[in-house]
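To keep things clear, I will list the structure first and then write my remarks on it.
Start at 1 with the first residue, then count along the sequence. Worth saying up front: this structure is predicted, and the values here are computed from it rather than measured.
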Amino acid sequence: MAHLQLTALAGGAGDEMEEVALLGSYDVEAGPVAASDEEAGMRRVQVRVAGMTCSACTGAVEAALSARRGVRRAAVSLLQNRAHVVFDPALAKDEDIVEAIEDAGFEAEILPDSTVSQPKSQKTLSGQFRIGGMTCAACVNSVEGILKKLPGVKRAVVALATSLGEVEYDPSAISKDEIVQAIEDAGFDAALLQSSEQDKVLLSVTGLHTEGDVDVLHDILKKIEGLRQFGVNFGNSEIEIVFDPEVVGLRQIVDTIEMESNDRLKAHVQNPYLQAASNDAQEASKTLHLLLSSLLLSIPVFFIRMFVVGKRFYIAAYRALRHGSTNMDVLVVIGTTASYVYSVCALLYGAFTGFHPPIYFETSAMIITFVLFGKYLEVLAKGKTSDAIKKLVELAPATALLLLKDKEGKYSGEKEIDASLVQPGDTLKVLPGSKVPADGVVIWGTSHVNESMVTGESVPISKEVSSPVIGGTMNLHGVLHIQATKVGSGTVLSQIISLVETAQMSKAPIQKFADYVASIFVPIVITLSLLTFLAWFLCGWLGAYPNSWSAESSNCFVFSLMFSISVVVIACPCALGLATPTAVMVATGVGANHGVLVKGGDALERAQNVKYVIFDKTGTLTQGKATVTTAKIFSGMDLGDFLTLVASAEASSEHPLAKAILDYAFHFHFFGKLPSAKDSIKKRKEEILSQWLLEVTDFSALPGKGIQCWINGKKILVGNRALITENGVNIPDEAEHFLVDMELSAKTGILVAYDGGFIGLIGITDPLKREAAVVVQGLKKMGVHPVMVTGDNWRTAQAVAKEVGIDDVRAEIMPAGKADVIRSLQKDGSVVAMVGDGINDSPALAAADVGMAIGAGTDIAIEAADYVLLRNNLEDVITAIDLSRKTFSRIRWNYFFAMAYNVVTIPVAAGVLFPFTGLQMPPWLAGACMAFSSVSVVCSSLLLRRYRKPRLTTVLQITVE
């Protein structure tokens, strides 16, 4: 597995190559090797360079190459020990490049696969890596900085709270193993959890006991067609496989391993999320082990004088300093080392002079003990913040009942299989009280399914033939046979998990403050520590305070040193780094539990300041269930012929109003002539429609107006008043009065013209959602101004707005014009939210500061939306804003606690109160305070788990904070 690389099909070339510093800072958009118009005909080679140890070495190699005649560009990567060189083959040769590097004092070798220009792949992969050993925001900044400098890395985001990193990279420029190596070189543990490549899977294998078993597994895998690559990790009993899903299925691979090995070997799909949870548990266990060891060693440490358990702090501090960064480990190491070195010197001084000053070996031990105790509590608390994802993962059932078919296609039995092996098209049996194993469609049976754990909808949903079902939901009563349509990462549950995880990985803009403070925090603390020592020492040396103050410490040097060590140890950058990510993590998980999916910390932050909420009318404020209430003829045409004509024209339209007209006309003609069974009705309806409707030609939809087409060689127009008048059709006064009356009663009038003359109109109503009016009032109480934007006419729009209590109405707006309305409201800097269905509202959702797609149901992958509200309920708009406000109120409290802790405790540790109280904070107590500061911030974030969304009965009590 160490040599397994993900390969991608070659694409086009990149842009220009940039200079590379310590870790190879390539152009993250283009990659390391580039081809510009000016470099046409140039030769590009990659050279392996041995002997480089630092950035000075890379500079020397680059200088030597650049000085060579014919060399256009040269970039050197220390981490990869490679040089990328672009040169004119008419002026220089490969041997000249090698000679230039060797003359600079390094070994060089042209890589064989770089002797021709290699077009860069346009395909990128997204890999998720587990990163261990990060303790504060400075660690995050260090890892992110190193990853972004790697050649081929397009984007890198690291989250402290989850100990995860998401890296988007070009697999033809860098492999996942090189990314892992780069993270480890920076002083942290790293492992790949999962990749976006769909045909790459990690399997755990039971039964691998000997090398012979490995050989058997090798032989089996080699014979499987469609298996591109595989790597066997004997130590972990795992195999990583890359296969072609068009040739071989994952279930077939697993079954083949079992059958060919005579059931000696059994393979199971590894779940990356459960693996991450297991790693969290291992980290907590490891920290607890170190804590217990430290406690045991702290007691006899006066005699043992060794600190094995503090090794991790020293290693982490060394690696951080080696890469030019500082973190909490550096502060701990300075404090423990200072007290230990002083104690050693004091012992030696006493041995030679006979005078024995006080020693503080126990101080070093107790500092490490208390810091480890705090870290242990922090790991436990941080694990609680990711409970939402763990609960979502646990929703997926472990097994599924697969219905087997014989050669004739009849069901011959059933087999229990791993749910991860379900494939699209499989027929599955779902028993009462069991979970649905995959997204699919019911093909037999009726039941009710509880979908609250996925969508937040508390009422069980009735399921019958053709009803969609969601994987992970609970079947309550009857037996269902379903046909799987989406499996693996394509299921709704997997998409929700991915979306929540992505949101938890993202950084809210407010976190930039913490990142900046973290970057300067440790140097400032060290400076304050030195100033504290100098101030107390000089004052004691000059006699500025009584000798009795330092009598217990034997002299003013030791007295000053203890104050200095306390300052170093008590300062805590971790609390600042955890303030935002832990709160965002808990909030996104809580939102998911209520059917409100947040796509990032930035969206969560913007939503707290929303001033305007723009509602689309149809399907947002209304139920989206339009029904025809009136059909009136203003010509000599028969009503049945009129409805047939209009239904034929609207049959090709996808607009909700068109469906309502088609259903009304169908029931007018065929009511009482259909079978009773629902599946039979659907089949019969399709047969009738194909025979009953008239032939339509030259159909075209006119957004915001209606449709036009030709029937029987004559033009027909179906739409609003603007469409009819633009085509020169006169509307009779009687029809105009009838239309106005309908619009004043909140009905939409659909006008119909045929062969140049007005023939009639249809009245359609779409009932308001029952919670619309109270939600609008609630938003006003929260200080948010509701606005309704619709393409409907002014009278209907104003009637609907009056009914729900909206004062600001924008009517007769085209779909593209909704974005203009949003931009006009944004001119004064106001934050605008748009609530729509996510389909024809995409431009407006994208233009808004906060886009909310409501009623998404199973369609959660709406690109333009920042929030996805799974239920078709306006209450969730209030929940989204309220959750954002409470989250960032908690974040501000977190920052207050973190800042106040350092502002208050550092002066106390420095001895500001000593002249007045005579109390001195010993270093071990400072270590205890530091340990509990980050724990307090995480526990503060965990209080968000108690969040309860506002109910309709209480929403009107919400006031502006």
Point to revise | Carboxylate-amine/guanidinium contact K176 E240, below 4.0 Å | key: yes
Review point. Would a 4.5 Å heavy-atom cut-off, applied to side chains only, mark I101 and V47 as touching?
Key: yes
Check your understanding: With sequence neighbours excluded, what pairs up with D215 under the side chain to side chain donor-acceptor pair (under 3.5 Å) test?
Key -> none
Study note, to complete from the structure: Closest non-hydrogen contact found for A74 with V71 is CB-CG1, 4.5 Å
Practice item. Could you check if a side-chain atom of R73 sits within less than 4.5 angstrom of a side-chain atom of F87, using non-hydrogen atoms only? Key: no
Study note, to complete from the structure: Applying side chain to side chain contact (heavy atoms under 4.5 Å, CB included) to L534 and not counting sequence neighbours gives none
Exercise for review: Identify the two heavy atoms, one from A83 and one from L65, that lie closest to each other, and give their separation to 0.1 Å.
Suggested key: CB-CD1, 4.3 Å
Point to revise | Approximate separation, where rounding is to 0.5 Å, of E166 CD and Q128 CD | key: 6.0 Å
Check your understanding: With the threshold set at 4.0 Å, does a side-chain nitrogen-carboxylate oxygen contact exist between R43 and D94?
Key -> yes
Check your understanding: Which heavy atom of I146 sits nearest a heavy atom of A186, and at what distance?
Key -> CD1-CB, 3.2 Å
Review point. With a 4.5 Å limit on heavy-atom distance, are the side chains of M134 and V140 in contact?
Key: yes
Point to revise | Intermediate values then yes/no, side chain to side chain contact (heavy atoms under 4.5 Å, CB included), I239 and N233 | key: CA-CA 6 Å; I239 52 174; N233 187 326; over 6 Å; no
Exercise for review: Apply side chain to side chain donor-acceptor pair (under 3.5 Å) to E605 and list each qualifying residue two or more places apart in sequence or on a separate chain.
Suggested key: none
Exercise for review: Quick one: do I183 and D189 satisfy side chain to side chain contact (heavy atoms under 4.5 Å, CB included)? Show the steps, please.
Suggested key: CA-CA 7 Å; I183 298 172; D189 298 326; over 6 Å; no
Study note, to complete from the structure: Residues passing the side chain to side chain contact (heavy atoms under 4.5 Å, CB included) test with I524, sequence neighbours excluded, are I520, L528
Point to revise | Derivation and outcome, side chain to side chain contact (heavy atoms under 4.5 Å, CB included), residues L150 and E178 | key: CA-CA 9 Å; L150 294 177; E178 291 173 315; over 6 Å; no
Check your understanding: Quick one: does I526's side chain get under 4.5 Å of V522's, heavy atoms only?
Key -> yes
Review point. Between V167 and V158, is any pair of side-chain heavy atoms under 4.5 Å apart?
Key: no
Study note, to complete from the structure: Residues passing the side chain to side chain donor-acceptor pair (under 3.5 Å) test with S204, sequence neighbours excluded, are none
Point to revise | side chain to side chain donor-acceptor pair (under 3.5 Å) involving D213 - partner list, sequence neighbours excluded | key: T210, R264
**Study point:** Interatomic distance, S237 atom OG to L217 atom CG [nearest 0.5 angstrom]
**Key:** 10.0 Å
Practice item. Taking the side chain as every heavy atom from C-beta outward, state whether L208 and V214 have any pair of such atoms under 4.5 Å apart. Key: yes
Check your understanding: Listed by chain and number, what are the side chain to side chain contact (heavy atoms under 4.5 Å, CB included) partners of D219, not counting sequence neighbours?
Key -> none
Review point. So, S66 side chain and A63 main chain: donor-acceptor pair closer than 3.5 Å or not?
Key: no
Point to revise | Euclidean distance, F188 CZ relative to S142 OG, rounded to 0.5 Å | key: 5.0 Å
**Study point:** Any residue meeting side chain to side chain contact (heavy atoms under 4.5 Å, CB included) with S529, in chain and number order, not counting sequence neighbours
**Key:** S564, V567, V568
Check your understanding: Is there side-chain contact between V85 and R44, with heavy atoms separated by less than 4.5 Å?
Key -> no
Exercise for review: Could you grab the distance from atom CG of L203 to atom CD1 of I253, nearest 0.5 Å is fine?
Suggested key: 7.5 Å
**Study point:** R68 side chain near E99 side chain, heavy-atom distance below 4.5 Å
**Key:** yes
Practice item. Sequence neighbours left out, what passes salt bridge (Lys or Arg N to Asp or Glu O under 4.0 Å) with E168? Give chain and number order. Key: R155
Exercise for review: Check step by step if side chain to side chain contact (heavy atoms under 4.5 Å, CB included) holds for L147 and F129.
Suggested key: CA-CA 12 Å; L147 288 173; F129 297 81; over 6 Å; no
**Study point:** salt_bridge(R69, D88) N-O dist < 4.0 Å
**Key:** no
Practice item. Report the C-alpha separation of Q181 and D177 in whole Å, then their side-chain angles, then the decisive distance to 0.1 Å, and conclude whether the side chain to side chain donor-acceptor pair (under 3.5 Å) test is met. Key: CA-CA 6 Å; Q181 185 62 46; D177 294 316; over 6 Å; no
